[in-house]
Amino acid sequence: MKYNAVIFDLDGVICHTDKYHYEAWKKIADELGIYFDETINNRLRGVSRMESFEIILERYDGVMSQEEKTEYTTKKNEVYKELLKNMSPADLSPEVKNTLDGLRGQGLKLAIGSSSKNAGFILEQLGLGGYFDAISDGNNISNSKPDPEVFLKAAQFVKEEPGSCLVVEDAKAGLEAAIAGGMDCAAIGDAVASGLATYNLNTFGDLADVVK
Ligand code: B16
Ligand code: MG
């Protein structure tokens with residue numbers, strides 16, 4: 001086996017919450033009279049909450065204090081958390097679950113490395129609470145992707161060296177974080193186009209071959 005552990009990004013890899021992020025940010029943007037669309041929303045993938053808001057504010061004419069920024073990002077998160085209540089185990093694809101079970105069956109440790117501070121709640125909603133060997137997320141880091149911190153912490157949590165871990169990511173910043181941390185990475189979805197990954201996945205199930 002090439003690796004001892006696989007570290008999964010959450011949003012865009014295990015599940016898809018883009019539409020909920022979009023709806024919540026759209027509400028804030030509308031309130032502030034800022035233009036916001038799906039293309040701008042795509043730029044928020046893998047980016048922290050405050051950095052996402054800074055991207056949205058690129059189209060804002062006024063000046064906003066740090067306090068106001070905190071107020072709006074807190075409000076966005078409240079709306080987002082309400083929307084996450086719509087998620088259920090039905091949002092976990094059988095392909096993802098079967099592949100995860102297969103990797104575990106091969107003796108690999110499985111961890112989450114997500115920028116989201118809502119990772120625990122999302123996993124609960126999907127019926128994956130307690131499933132992973134470790135969760136490294138937005139709550140235990142000071143620097144977000146492309147900084148490698150979230151993945152290095154995940155490796156530490158499962159007691160493995162970075163070189164023994166494979167990261168699975170849907171965002172370019174996430175691939176950069178894995179590489180900076182000395183880890184191999186597999187790209188899925190949008191991240192494939194960056195050409196940065198050790199492996200490109202057509203579908204989540206391809207992981208079974210990659211780790212062999
Ligand atoms: P939260 P990931 C990321 O999750 C999302 O892709 C990104 O859109 C979001 O802004 C970020 O989490 C922070 O999320 O507001 O819930 O803390 O892809 O790293 O799993
Ligand atoms: Mg992601």
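Residue numbers count from 1 along this sequence. All ligand and atom numbering here is 1-based and tracks the order in the structure.
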Does the distance from a Lys or Arg side-chain N to an Asp or Glu carboxylate O, for K19 and E23, drop under 4.0 Å? no

Counting heavy atoms only, which of G174, S116, G12, S52 comes nearest to atom 1 (P) of ligand 1? S116

Looking only at distances, please establish whether an N/O atom of ligand 1 is found under 3.5 Å from an N/O atom of R49. yes

The Mg ion (ligand 2) to D11: nearest N/O/S atom name: O

Below 4.0 angstrom from a heavy atom of Y80, which ligand 1 atoms are there? Numbered from 1 as shown, please. 16 (O)

May I ask you to check whether N86 and D91 show a side-chain donor-acceptor distance below 3.5 Å? no

Protein heavy-atom partner closest to atom 2 (P) of ligand 1 - residue, atom, separation in Å: D9 OD1, 3.0 Å

For the Mg ion (ligand 2), what is the closest N, O or S atom on D9? OD2

Counting backbone and side-chain atoms alike, is an N, O or S atom of E169 positioned under 2.8 Å from the Mg ion (ligand 2)? no

Below 4.0 angstrom, N of the basic side chain to O of the carboxylate: do K2 and D184 qualify? no

Tell me, please: is A171 in heavy-atom contact with ligand 1, that is, under 4.0 Å? no

For S114 and ligand 1, does the shortest N/O to N/O distance drop below 3.5 Å? yes

Identify, by atom number and element, the atoms of ligand 1 in contact range of L10, meaning under 4.0 Å from any of its heavy atoms. 20 (O)

Shortest non-hydrogen contact from L10 to L123? CD1-CD2, 3.8 Å

Classify the contact between S115 and ligand 1 as side chain, backbone, both or neither, using a heavy-atom distance cut-off of under 4.0 Å. both

So is E169 in contact with ligand 1, going by heavy-atom distances below 4.0 Å? no

Contact check: N118 vs ligand 1, nitrogen or oxygen atoms, below 3.5 angstrom: yes

Could you tell me whether D18 and R45 have a side-chain N and a carboxylate O separated by less than 4.0 Å? yes

For the Mg ion (ligand 2), give me the closest N/O/S atom belonging to D170, just the atom name. OD1

Report, as yes or no, whether the 6.0 Å neighbourhood of atom CD on E58 holds more than 12 heavy atoms from other residues, nucleotides or ligands. yes

Using every non-hydrogen atom in the two residues, find where R49 and T73 come nearest and quote the distance to one decimal. CD-O, 3.8 Å

Polar contacts were defined as any N/O atom of the residue lying under 3.5 Å from an N/O atom of the ligand; does this apply to K145 and ligand 1? yes

Starting from atom 3 (C) of ligand 1, which protein heavy atom do you reach first, and at what distance in Å? D11 OD2, 3.8 Å

What atoms of ligand 1 come closer than 4.0 angstrom to any heavy atom of K117? 1 (P), 16 (O), 17 (O)

Test of ring centre spacing under 6.0 Å for Y80 and F121: no

So Y3 and Y199, would you call those rings parallel, tilted or perpendicular, with 30° and 60° as cut-offs? perpendicular

Of all the heavy atoms in G46, does at least one lie under 4.0 Å from an atom in ligand 1? yes

Would you check whether V47 has a nitrogen or oxygen atom less than 3.5 angstrom from a nitrogen or oxygen atom of ligand 1? yes

In this structure, atom 8 (O) of ligand 1 is nearest to the protein heavy atom L44 O, 2.9 Å

If every non-hydrogen atom of K153 is compared with every non-hydrogen atom of S136, which pair is closest and at what distance? CB-OG, 3.5 Å

May I ask you to decide whether D209 forms a salt bridge with K212, counting only side-chain N to carboxylate O separations under 4.0 Å? yes

Can a side-chain donor-acceptor contact be found between S48 and E51 if the only test is distance below 3.5 angstrom? yes

